[in-house]
Peer 1: 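Here's a structure for you.
Every value quoted in this text rests on a predicted model; they were computed, and no experiment measured them. Both counts, for ligands and for their atoms, begin at 1 and track the order of listing.
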Amino acid sequence: MPKLRIAVLASGSGSNLQAIIDRSVAGGLDAEIVLVISNNPDAGALTRAKQAGIRQMCIDHRQFASRSEFDRAVVAELQAAGAELIVLAGFMRIISDIFLAAFPDRIINIHPALLPAFPGLHVHRKALDYGARFSGCTVHFVDGGVDTGPIIIQAAVPILEADTEDSLAARILEQEHKIYPQAIQWFAEGRISIEERRVKVRGIVPASGAQISPALEMAE
Ligand code: GAR
């Protein structure tokens, strides 16, 4: 079977990109990263791609008069590279209908919260201020909203008394690096379907048990 051709879009340090590269190098992914695009010329993601010998480019959104013009330029590169799945990994731009129409049900995103709680920006601050006992991360399909598309996989991470935005972000990031390659692998294996809002993954092992935080002290 030929490998799934994926493109990764990233604006920042690119640790999720690195997790996908590492899985792929270790032979655990039926996917090949054909292109990495960043809107930020200083993104660590571009350096990581370069180091891994992956084709990369910066398309700086500031050079475009509108969101649609920027999206058209990005879509043109993705199509020219023959990308079959678009992986947003810390890509801090909202994508337009032009982008969605070019890759229907073929754009996925990772968000550092347990959606639908805490969409948008500053999510760790929001989770801490709210007093939530859990946060986590979510891999989901991208639709027209902000962090609203059908959910593929989530990891729940307990929030600790001593947590700061940074400590919580770091523990969540560790889980992001596990669930994103897994979601991509399911997609590459053709096991994912979307029924209304619900994503079905053929043949998955169901999660067991519940997590309670803080832990129970009473005997069950
Ligand atoms: C990750 O935590 C990702 O979930 C988040 O940005 C970080 C990028 O880290 N994405 C969003 O907030 C999207 N709204 P990375 O560059 O090290 O992969």
Peer 1: Before signing off on this row, confirm whether Asp147 and ligand 1 have an N or O atom pair separated by under 3.5 Å.
Peer 2: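 Between Asp147 and ligand 1, no N or O pair is found under 3.5 Å apart.
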
Peer 1: How close do Phe70 and Ile59 get, counting heavy atoms only, and between which atoms?
Peer 2: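 Scanning both residues, the minimum pair turns out to be CE1-O, 3.2 Å.
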
Peer 1: Any pair with a residue in residues 31-54 that passes salt bridge (charged side-chain N to carboxylate O under 4.0 Å, His left out), sequence neighbours left out, goes on the list, sorted by first then second residue, please.
Peer 2: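 Sorted result for residues 31-54: empty, none.
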
Peer 1: Just to be sure I'm reading this right: ignoring hydrogens, which of Pro112, Gly120, Gly14 gets closest to atom 12 (O) of ligand 1? Compare them by their nearest heavy atoms.
Peer 2: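 Answer by nearest heavy atom: Pro112.
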
Peer 1: Would you say Asn16's side chain and Ala89's backbone share a donor-acceptor pair under 3.5 angstrom?
Peer 2: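 Between the backbone of Ala89 and the side chain of Asn16 there is no qualifying donor-acceptor contact (under 3.5 Å).
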
Peer 1: Quick one: does Met92 get a heavy atom under 4.0 Å from ligand 1?
Peer 2: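 Met92 counts as a contact of ligand 1 under the 4.0 Å cut-off.
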
Peer 1: State, without any angle test, whether His124 and Ser135 hold a side-chain donor-acceptor pair at a distance under 3.5 Å.
Peer 2: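 Checked: His124/Ser135 side chains show no N/O donor-acceptor pair below 3.5 Å.
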
Peer 1: Note the single closest protein heavy atom to atom 14 (N) of ligand 1, along with its residue, its atom name and the distance in Å.
Peer 2: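 The closest one turns out to be His111 ND1, 3.8 Å.
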
Peer 1: When you look for heavy atoms under 4.0 Å from ligand 1, do you find them on the side chain of Val123, its backbone, both, or neither?
Peer 2: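 Under 4.0 Å from ligand 1, Val123 contributes no heavy atoms.
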
Peer 1: Which of the numbered atoms in ligand 1 are under 4.0 angstrom from any heavy atom belonging to Glu176?
Peer 2: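 Numbered from 1, ligand 1 contributes 1 (C), 2 (O), 3 (C), 4 (O).
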
Peer 1: Without swapping roles, check the side chain of Gln175 against the backbone of Val157 for a donor-acceptor pair under 3.5 Å.
Peer 2: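 No.
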
Peer 1: Taking distance alone, with N or O pairs closer than 3.5 Å, would you say Ser15 contacts ligand 1?
Peer 2: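 Min N/O separation from ligand 1 is below 3.5 Å for Ser15.
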
Peer 1: Strictly distance-based, threshold 3.5 Å: is any side-chain N or O of Thr138 a donor or acceptor partner for the main-chain N or O of Ala113?
Peer 2: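 Yes, the answer is positive, given that a donor and an acceptor are paired below the 3.5 Å cut-off.
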
Peer 1: Can you list the atoms of ligand 1 that are under 4.0 Å from a heavy atom of Gly90?
Peer 2: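 Heavy-atom distances to Gly90 below 4.0 Å select 6 (O), 8 (C), 10 (N).
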
Peer 1: Examine ligand 1 and decide if any of its atoms is less than 4.0 Å from a heavy atom belonging to Ala10.
Peer 2: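 For ligand 1, residue contact (heavy atoms, under 4.0 Å) with Ala10 is absent.
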
Peer 1: When you measure from the side chain of Arg5 to the backbone of Ala81, do you find a donor-acceptor pair of N or O atoms at a distance under 3.5 Å?
Peer 2: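 The answer is yes, because a donor-acceptor pair under 3.5 Å joins these two groups.
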
